[in-house]
Q: 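I'd like to ask you about the structure that follows.
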Amino acid sequence: MAKVLDETETSSESTAPREERQDNATMEQYVRNKNLVLDFLHNDLNPRLLRYHWNKFNLLKKCYFYLKIEPRHLCVRDQNNMMICADILQIANPCQLQKIKKVGKNQTEIQLALLTELLEQLERGRKELSHYVETCDMATFLSQWDLTIKRVLKLSVLFSKLIALEEPRKLYVKHSLVSQVILGGAVHPHISLSLYTKKPPIFDRRESFASQNWAQLKWINENQESHLERWQLEIKLVTNDSQTEPGYSRIQEVISNPCVIHHLQPGRLYEFRVKRSDTHTLVYSQWHDRIVLKTKTVPVEDTNGSTNSSLMRRLTRTSSSF
């Protein structure tokens with residue numbers, strides 16, 4: 001009997017360490033897997049990185065999208081059968097160019113819509129995965145590890161798509177930009193079409209101000225060829241929408257930055273909008289910066305001074321008549 005008890009105690013003592021080792025291995029596996037997911041959330045998909053891409057997307061929405069044509073010049077024969085080098089926009093078929101620009105606009109709108117959807121999916125997926133890791137118990141977490149890995153891989157694929165879509169892409173169109181008649185029977189050259197962006201002009205709030213009847217406007221532009229740019233300004237008098245005072249606005253094209261706008265009324269609010277001037281290759285633009293400035297009122301002393309001088313002239317004429 002004592003021998004049986006000894007064997008039982010020995011068996012129970014050997015089973016306990018085995019179960020303890022299994023528990024330790026399970027815990028280690030849980031911690032290792034959980035850390036893998038946390039590393040992904042903290043490094044590859046952290047909130048700071050998502051905010052960066054949201055900001056980049058918001059800037060992209062405000063950008064101007066242009067059609068890039070390469071090569072820009074082609075060698076063709078003129079009416080005298082002389083070979084000349086011509087700008088492709090001068091010999092392009094206008095109808096075909098408009099069709100290509102429409103394709104570019106549609107592609108841009110699809111690109112921006114997809115970026116919005118991807119960012120929302122990443123934001124939502126990160127929040128759900130983070131909540132799952134924080135609240136899920138060890139047994140459930142390990143039993144559903146395959147599903148968790150699929151969620152991580154899905155978010156990683158979405159992030160890769162986001163990076164690829166953040167830059168404008170090539171255009172694949174069937175339209176022929178230059179007609180065969182212009183080419184004079186020559187082999188149609190390979191013309192590459194793609195999109196590129198320019199950042200929007202943004203008013204410099206510190207350097208823009210208004211005086212009594214004029215305003216100086218300055219905007220920030222990161223384009224290196226700013227001295228070649230043309231800008232379109234919209235000047236609008238801000239009213240209270242009453243029928244007694246009609247609205248007033250005008251559009252003015254400028255080439256200088258900063259520029260001065262004249263012929264404004266004293267003591268009034270004016271809204272100014274700035275954008276890049278339209279070109280033959282502009283495909284898409286939806287956002288324009290605006291600023292509201294109030295012109296200075298006429299000083300009271302000037303009004304009193306003009307009244308006093310007028311009164312003095314009348315008194316002088318009156319006294320001279322006696």
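Bear in mind the structure is a predicted one, so any value in this text is a computation, not a measurement.
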Q: Taking Lys101 for the side chain and His280 for the main chain, is one N or O donor matched with an acceptor at less than 3.5 Å?
A: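 The answer is yes, because a donor-acceptor pair under 3.5 Å joins these two groups.
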Q: Is a side-chain donor-acceptor pair under 3.5 Å present for Gln29 with Trp145?
A: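 No pair is found: no donor N or O on one side chain lies under 3.5 Å from an acceptor on the other.
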Q: Could you walk me through whether Thr148 and Tyr132 satisfy the side-chain contact (heavy atoms from CB on, under 4.5 Å) test, starting with their C-alpha distance in whole Å, then the side-chain angles of each, then the deciding distance to 0.1 Å, before giving a yes or no?
A: CA-CA 9 Å; Thr148 304; Tyr132 174 77; 3.5 Å; yes
Q: Under a 4.5 Å side-chain heavy-atom rule over Ile, Leu, Val, Met, Phe, Trp and Tyr, are Leu282 and Leu193 clustered together?
A: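 Not linked; separate clusters.
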Q: Tell me the closest heavy-atom pair linking Asn43 and Leu49, and the distance in Å.
A: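 Shortest heavy-atom separation between Asn43 and Leu49 comes out as O-CD2, 4.4 Å.
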Q: With the threshold set at 4.0 Å, does a side-chain nitrogen-carboxylate oxygen contact exist between Glu234 and Lys236?
A: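 Salt bridge: no.
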Q: Measure from the side-chain N and O atoms of Gln111 to the backbone N and O of Leu165, and report whether any donor-acceptor pair falls under 3.5 Å.
A: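 Between the backbone of Leu165 and the side chain of Gln111 there is a qualifying donor-acceptor contact (under 3.5 Å).
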Q: Roughly how far, to the nearest 0.5 Å, is NZ of Lys218 from CD1 of Ile291?
A: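 Here the rounded value is 13.0 Å.
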Q: Please say yes or no: joined through hydrophobic side-chain contacts below 4.5 Å, possibly via intermediate residues, are Leu60 and Trp287 part of one cluster?
A: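 Leu60 does not cluster with Trp287.
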Q: Group every Ile, Leu, Val, Met, Phe, Trp and Tyr by side-chain heavy-atom contacts under 4.5 Å, then state whether Val260 and Phe209 land in the same group.
A: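 Yes, one cluster joins them.
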Q: So which atom in Leu233 and which in Val274 form the shortest heavy-atom distance, rounded to 0.1 Å?
A: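 So the minimum-distance heavy-atom pair works out to CD2-CB, 3.7 Å.
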Q: How long is the straight-line distance from NE2 of His131 back to SG of Cys136, given to the nearest 0.5 Å?
A: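 If I round to the nearest 0.5 Å, the distance is 10.5 Å.
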Q: Can you confirm whether His288 is buried at NE2, in the sense that more than 12 heavy atoms of other residues, nucleotides or ligands lie under 6.0 Å from that atom?
A: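 It does: His288 NE2 has more than 12 such atoms within range.
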Q: Is it the case that over 12 heavy atoms from other parts of the model lie below 6.0 angstrom from the OH atom of Tyr196?
A: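 It does: Tyr196 OH has more than 12 such atoms within range.
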Q: If you compare all heavy atoms of Leu112 against all heavy atoms of Phe57, which two are closest, and at what distance to 0.1 Å?
A: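 Heavy-atom minimum between the residues: O-CE1, 3.5 Å.
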Q: Is there a donor-acceptor pair under 3.5 Å between the side chain of Thr108 and the backbone N or O of Gly104?
A: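 Answer holds: yes.
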Q: side-chain contact (heavy atoms from CB on, under 4.5 Å) between Asp289 and Trp219: does it pass, once the steps are laid out?
A: CA-CA 9 Å; Asp289 195 20; Trp219 49 90; over 6 Å; no
Q: Return the CG to CG distance between Asp39 and Leu45, rounded to the nearest 0.5 Å.
A: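 Separation between the atoms: 13.0 Å.
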Q: I'd like to know whether CZ of Arg169 has more than 12 heavy-atom contacts from other residues, nucleotides or ligands below 6.0 angstrom.
A: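 No, not enclosed.
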Q: At what distance, to the nearest 0.5 angstrom, does CG of Asn35 lie from NE2 of His42?
A: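 Reported to 0.5 Å precision, the distance equals 10.0 Å.
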Q: According to a 4.5 Å side-chain heavy-atom criterion applied to Ile, Leu, Val, Met, Phe, Trp and Tyr, with indirect links allowed, do Leu67 and Val103 form part of one hydrophobic cluster?
A: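 Per the 4.5 Å side-chain linkage, Leu67 and Val103 are co-clustered.
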Q: Evaluate the side-chain contact (heavy atoms from CB on, under 4.5 Å) criterion for residues Leu293 and Phe203: first the C-alpha distance (whole Å), next the side-chain angles of each, then the deciding distance (0.1 Å), finally the verdict.
A: CA-CA 12 Å; Leu293 298 175; Phe203 280 115; over 6 Å; no
Q: Do other residues, nucleotides or ligands put more than 12 heavy atoms under 6.0 Å from Lys56 NZ?
A: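 Yes, enclosed.
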Q: Heavy atoms only: give me the nearest Glu253-Ser277 pair and the separation to one decimal.
A: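 Result for this residue pair: OE1-OG, 3.2 Å.
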Q: Any donor-acceptor pair under 3.5 Å linking the side chain of Gln265 with the backbone of Thr295?
A: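 Side chain of Gln265 to backbone of Thr295: no pair is present.
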Q: Would Ile163 and His53 count as a side-chain contact (heavy atoms from CB on, under 4.5 Å) if you check the C-alpha gap in whole Å, the side-chain angles of each, and the deciding distance to 0.1 Å?
A: CA-CA 9 Å; Ile163 300 297; His53 286 283; 3.3 Å; yes
Q: If I compare all heavy atoms of Cys63 with all of Thr197, which pair ends up nearest, and what's the gap?
A: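 Nearest pair, atom of Cys63 first, then Thr197: CB-CB, 4.1 Å.
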Q: Is the Lys NZ or Arg CZ of Arg276 less than 6.0 Å from the centre of Tyr66's six-membered ring, within 45° of the axis?
A: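 The answer is no, since Arg276 fails at least one limit relative to Tyr66.
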Q: Show the nearest heavy-atom pair for residues Met138 and Met27, with the distance to one decimal.
A: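 Closest heavy-atom pair between Met138 and Met27: SD-CE, 3.8 Å.
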Q: Please say whether more than 12 non-hydrogen atoms of neighbouring residues, nucleotides or ligands are located less than 6.0 Å from CZ in Arg32.
A: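 Yes, the 6.0 Å shell around CZ holds more than 12 heavy atoms from other groups.
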Q: Are the side chain of Ser130 and the backbone of Arg126 linked by a donor-acceptor contact shorter than 3.5 Å?
A: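 Answer holds: no.
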Q: Could you state whether Leu195 and Tyr284 fall into the same hydrophobic cluster, counting links through intermediate Ile, Leu, Val, Met, Phe, Trp or Tyr residues with side-chain heavy atoms under 4.5 angstrom apart?
A: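 Yes, because Leu195 and Tyr284 connect within a single hydrophobic cluster, where side-chain heavy atoms sit under 4.5 Å apart.
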Q: Starting at CG of Leu59, measure out to CD of Glu166 and round the result to the nearest 0.5 Å.
A: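 Interatomic distance, Leu59 CG to Glu166 CD, rounded to 0.5 Å: 11.0 Å.
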Q: Out of curiosity, Glu117 CD to Leu122 CG, how far, rounded to the nearest 0.5 Å?
A: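 With rounding to 0.5 Å, CD (Glu117) is 10.5 Å from CG (Leu122).
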Q: Side chains of Val37 and Phe141, heavy atoms from C-beta outward: is any pair under 4.5 Å?
A: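 When only atoms from C-beta onward are counted, Phe141 and Val37 do touch, with a gap below 4.5 Å.
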